[in-house]
Amino acid sequence: MKSKSRRQEERVAKIIGGRRNLCSGALREKGDAQSKDTLVSCKRTDKKQITIKLKDIKEIYGQALRNGREPILQIEIGGFEVWGRMIKK
């Protein structure tokens with residue numbers, strides 16, 4: 001049975017018209033799903049809160065820009081789905 005995180009990553013990859021990254025970005029490629037234009041980091045929880053670390057945001061942001069892609073953060077929490085563009089101030 002696939003984990004909820006893996007199903008999330010596969011669904012996101014389908015939505016953006018791309019593919020799920022192997023090992024969820026643990027290898028050379030960061031991010032969980034990517035297309036020609038975007039690199040998405042997926043986070044999810046069944047709890048009432050989620051922690052997003054600045055280190056994770058910087059990693060996905062940097063990797064996306066180095067590869068000419070738009071960095072996106074996608075979160076699933078409490079029955080909601082949140083998609084956010086990463087923009088450095």
Side-chain angles (χ1 to χ4, degrees):
M1 178 184 242
K2 293 181 185 177
S3 71
K4 291 178 181 179
S5 294
R6 182 164 179 170
R7 287 193 307 260
Q8 173 193 17
E9 293 163 5
E10 289 173 348
R11 191 176 49 73
V12 166
K14 186 176 181 179
I15 289 169
I16 64 172
R19 66 176 175 82
R20 177 181 171 267
N21 286 343
L22 298 177
C23 300
S24 294
L27 300 175
R28 193 173 47 113
E29 290 181 331
K30 296 298 178 193
D32 298 305
Q34 65 179 342
S35 70
K36 184 180 87 175
D37 302 321
T38 60
L39 183 63
V40 182
S41 179
C42 300
K43 307 289 182 192
R44 72 161 319 281
T45 187
D46 291 324
K47 298 178 182 177
K48 293 181 180 182
Q49 63 184 19
I50 191 167
T51 300
I52 308 294
K53 296 179 182 161
L54 179 58
K55 174 181 107 28
D56 296 333
I57 291 172
K58 286 181 175 180
E59 279 183 0
I60 193 74
Y61 183 84
Q63 181 77 31
L65 294 187
R66 283 190 295 278
N67 292 313
R69 293 185 171 105
E70 180 178 16
I72 303 289
L73 179 62
Q74 193 269 354
I75 301 167
E76 289 183 6
I77 185 170
F80 288 89
E81 187 171 318
V82 181
W83 289 72
R85 298 168 80 193
M86 293 184 196
I87 301 170
K88 189 171 182 180
K89 289 173 84 176

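For clarity, every value in this text was computed on a predicted model and none was experimentally measured.
- Between E10 and the choices R7, K14, R6, the salt bridge (Lys or Arg N to Asp or Glu O under 4.0 Å) rule is met once, by R6.
- Across R20, K2, R44, a single residue satisfies salt bridge (Lys or Arg N to Asp or Glu O under 4.0 Å) together with E9, and that is R20.
- No side-chain donor-acceptor contact under 3.5 Å links Q8 and E81.
- To the nearest 0.5 angstrom, D56 atom CG is 6.5 Å from S41 atom OG.
- When atom types are taken as modelled, the side chain of R69 and the backbone of S35 share a donor-acceptor pair closer than 3.5 angstrom.
- I57 shares a hydrophobic cluster with L39, I50, I52, I60, Y61, L65, L73, I75, I77, V82, M86; the chain of contacts runs through ILVMFWY side chains whose heavy atoms sit under 4.5 Å apart.
- At distances below 3.5 Å, at least one donor-acceptor pair connects side-chain atoms of D32 with backbone N or O atoms of C42.
- Side-chain contact between K43 and Q74: absent, with no pair of heavy atoms (C-beta onward) separated by less than 4.5 Å.
- In this structure, the side-chain hydrogen bond (donor to acceptor under 3.5 Å, both in side chains) partners of K4, at least two apart in sequence or on a different chain, are D46.
- The distance from atom CD of E76 to atom CZ of R11, rounded to the nearest 0.5 Å, is 4.5 Å.
- Taken from CD1 in I72 to CG in D37, the straight-line distance is 10.5 Å, to the nearest 0.5 Å.
- Evaluation of the side-chain hydrogen bond (donor to acceptor under 3.5 Å, both in side chains) rule for K53 yields no partner, not counting sequence neighbours.
- In this structure, the side chain of N21 engages the main chain of G31 through a donor-acceptor pair within 3.5 Å.
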